[in-house]
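This report refers to the structure that appears directly beneath it.
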Number of protein chains: 4
Amino acid sequence: MRTSAKRKPRGTTDGGQGKRAGQGADRRAQILVAALDEFSLHGFEATRLDDVAKRAHVAKGTIYLYFKDKESLFQELLRAQIGPVIGMLEAVLAGGTKEKKPVPLRELAHRVADLFVEQVIGTRRKDIVRLILTEGPRFPKLAEFYYREVISRGLSAFRARAKRAVNEGELKSDTLVRFPHLIVAPALVSIIWKSMFDKFEPLDVKALMKAQIDILFDKEERP
Amino acid sequence: MRTSAKRKPRGTTDGGQGKRAGQGADRRAQILVAALDEFSLHGFEATRLDDVAKRAHVAKGTIYLYFKDKESLFQELLRAQIGPVIGMLEAVLAGGTKEKKPVPLRELAHRVADLFVEQVIGTRRKDIVRLILTEGPRFPKLAEFYYREVISRGLSAFRARAKRAVNEGELKSDTLVRFPHLIVAPALVSIIWKSMFDKFEPLDVKALMKAQIDILFDKEERP
Amino acid sequence: MRTSAKRKPRGTTDGGQGKRAGQGADRRAQILVAALDEFSLHGFEATRLDDVAKRAHVAKGTIYLYFKDKESLFQELLRAQIGPVIGMLEAVLAGGTKEKKPVPLRELAHRVADLFVEQVIGTRRKDIVRLILTEGPRFPKLAEFYYREVISRGLSAFRARAKRAVNEGELKSDTLVRFPHLIVAPALVSIIWKSMFDKFEPLDVKALMKAQIDILFDKEERP
Amino acid sequence: MRTSAKRKPRGTTDGGQGKRAGQGADRRAQILVAALDEFSLHGFEATRLDDVAKRAHVAKGTIYLYFKDKESLFQELLRAQIGPVIGMLEAVLAGGTKEKKPVPLRELAHRVADLFVEQVIGTRRKDIVRLILTEGPRFPKLAEFYYREVISRGLSAFRARAKRAVNEGELKSDTLVRFPHLIVAPALVSIIWKSMFDKFEPLDVKALMKAQIDILFDKEERP
DNA sequence: CATGAATGAGAGTTCATTCAT
DNA sequence: TATGAATGAACTCTCATTCAT
């Protein structure tokens, strides 16, 4: 329905020869970038492949050379971004086990929070997460994939680590074992807040994340 | 008009059940219920008014007797549900001031959590909230309205109450004054979890809310 | 998008004739011709773009490749035809001044009449004029454009010429200076007659025009 | 397509009792008046029966109590107005034969012109004529009826009278016998001009009619 | 590989017509 | 008779998808 902006015509038609949009470069990547822009702006349904093509400086038909259809483009876009996230996540959580001196869970939590602020909130990745949140329910396959590859893995990794922290006395209760969600909660709130209410009242995401972690661990760490 | 072909009159198809859908009942309400179903299922863009009509056992044109257009139907649907939420929220927060013995903030938080679990998570209202979250960014007006009427009010009411709790010693730090969001965070996570991952791994929302509150207040209440 | 039902691709129905309507030819022109047919037949409101498309052997959507909407199609159709008319008119009226021996106004009038009979009554242009007459009141912009570009120009050109004819003694009274409309009147009657009553009683337009001119000038030319 | 005005809501809902629009009076007439207004404003296709009903202070269904459908309403509206016109016309033309001293055709022409200015141009009847002109081609039945009842009658009556004038020496040539249309031409031009261009350049209809008659007869009456 | 004109199913919206009250 | 809520066919316009070049 396109509540806002009208379509703005592409300024220059690129001449016809010249730098033909990426030339030999990865057209696929170009299209994905453009698709992220448009999907973020309008959501899945309201995004027009025409606009994606325009933004990618590519003909409409070209998209179909690389993607089966609109839905494939959308799903591949999201899936493509999930890989790095998983990698980062596992790296950090594993990090705690490889170092000689074991890193306390609290320290790990702070690292994850920093990572989140820098690598998600501060980048286009927050839009990916938002898209998963908003369009996910309409794409059961996507939700399932996301659950399997990210959520369940992240949760169990964190749970395992939290269990150790309980055993080692870093945590007094098993709250975080039962509800690792509590670590993620402020992150979610941040993403949603940014996209809807930040213009009315800006939110200091870093401080919010820090506050939650401090609360979570201050409570637990008391003697 | 074409001089020839007149419009064909309605055969007398009547659906087969003989009774005119809802008869004297409130068509408007019927339509709103059906609309909530469809919008929840598909989101704004992907919802077809044809399906809303079908679900409401009403002709497509009938919708336009009660709503200007698709967007109006959508917005009125959401706004209509926001009112009660505001009412409930204010009632609970005000409740703490009217009783002779002041209700501790912690107790209030639990009441709000219960309210949330019963009145939102347990009802269609959770779908309303989800719709606001997912479609909000595409309806600036809606986001603004929601911020003004719900978010900012709720936040400042809670902040005022939290400040008093700090002054009266119930809370040791001003974390909750700065980030009332932390009370809402698990609620949001719950709504999103329910709509995407509950079938893979059910979430005990009540326990989650309780855990967060306990953490929030246990920490603060230490001597 | 509904996750399920993809849009069905075009079967390869192709109309049955194998050749893509007009192929490389000017689709725009095809559409304009078809539009003139349909608009002439039914008027603006009653014309269905579906029928225009069918008549142009073109898909419905194709029309929107060349015209913004139904109204644009209509207006461009009319405007495109007005240009030539203006050109012809000015050419004839100017013709009288360029020739060595000045052409008498009467002679000019006959030329304009012939032009009208050949170029308007005898062609599709009479339908254009009819459309302007019948739809004009509903398209204020069109009426204004038509007045500015055709009527006022034609009238003042004729008036100027008529004034000269008065000064030079060709005309005895200033009737035609005050009412150049009298030259146009039989033309209008012809167009309307042709479209409504010609099948009951055919009208010899040429003779009608000639009769009016003769009357106009016979009277004036008496000593 | 409704180029102009939005529907304006009826100011007062009429209370419910009170003067229920014409009460026992002729609903049919009310509706016809309202229909003329709307059809004149928007043409046949673009007119909404809803608006006719509103303007007639009558429920939409009521229209169908008096008229079979929209087209009937339209046709009956136009036919109803043709009677008086025929009457007037015949009265005037007959008038010339009943008076002792025969009225000259020229005098008759002036009388008709006056009648036209007073009874058509100066009243709603000009809208009727306009509707016949603009919608006629789309309603073959109407055009035929109109030709039979008005045009052919009027024409042959005038022709008979003109023939007499020729025989009696009032007219020298048979131009008006062959083309009685020339008497009507300026009237048509007037009606069209009034509806399209009068705001840009007002036309003195009476003077125009008089000029044409004078030309027609001055020429003929010379010795 | 790339293009973009062409396609046509589909969605929102309107409004003549019906009919229970 | 009169009403006006309800109906659903029809119409405009959009856009994912195809395919000749």
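Numbered from 1 within each chain, the chains take letters A, B, ... in sequence-line order.
Remark: P of E/dA2 and CG of A/Asp26 are 10 Å apart, rounded to the nearest angstrom. Atom NZ in B/Lys54 sits about 15 Å away from atom C1' in F/dT7, given to the nearest Å. Remark: P of E/dA16 and CD of D/Glu71 are 13 Å apart, rounded to the nearest angstrom. Atom CZ in B/Phe39 sits about 13 Å away from atom C1' in E/dA11, given to the nearest Å. Rounded to whole Å, the distance from CD on C/Glu38 to C1' on F/dT12 is 15 Å. Regarding D/Ile63, its CD1 atom lies at a distance of 17 Å from the P atom of E/dC19, rounded to whole Å. As a whole-Å value, the separation of A/Asp51 CG from F/dT14 P is 13 Å. As a whole-Å value, the separation of D/His42 NE2 from E/dT14 P is 15 Å.
Closest approach to the A/Tyr64 side chain among E/dG12, F/dT18, F/dC13 is made by F/dT18 (side chain taken as heavy atoms from C-beta onward).
Here the CG-CD distance, from C/Asp51 to C/Glu38, works out to 5.0 Å after rounding to the nearest 0.5 Å.
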List the steps, then state whether ring-ring contact (aromatic ring centres under 6.0 Å, His included) holds for A/Phe67 with A/Phe74. CA-CA 9 Å; A/Phe67 303 92; A/Phe74 183 66; over 10 Å; no
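Counting any heavy atom pair closer than 4.0 Å across all strands shown, C/Tyr66 reaches sugar-phosphate atoms only and no base atom. Nucleic acid contact class of A/Leu65 (heavy atoms, under 4.0 Å, all strands): base.
In this pair, C/Phe44 and C/Phe39 present their aromatic rings parallel. The plane angle is below 30°, not in the 30 to 60° band.
With hydrogens and angles ignored, the 3.5 Å screen pairs no side-chain donor or acceptor of A/Lys54 with any backbone N or O of A/Lys60. Side chain of D/Lys141 to backbone of D/Gln75: no donor-acceptor contact under 3.5 angstrom is found.
Residue order along DNA chain E, read from the 5' end via each residue's closest nucleotide, puts C/Gly61 first among B/Lys70 and C/Gly61. Each of B/Asp50 and A/Lys60 has a nearest nucleotide on DNA chain E; the 5'-most of these lies closest to A/Lys60.
Side-chain atoms of B/Arg55 and B/Leu41, non-hydrogen and from C-beta on, do get closer than 4.5 Å to each other.
Listed pair C/Arg27 / E/dA6 meets the phosphate criterion, a side-chain N or O lying under 4.0 Å from OP1 or OP2.
D/Phe145 carries D/Arg79 over the face of its six-membered ring, with the cationic atom under 6.0 Å from the centre and within 45° of the normal.
With the 3.5 Å cutoff on both pairing distances, Watson-Crick and G-U pairs in DNA chain E assemble into runs of at least 3 at E:2-21 with F:2-21.
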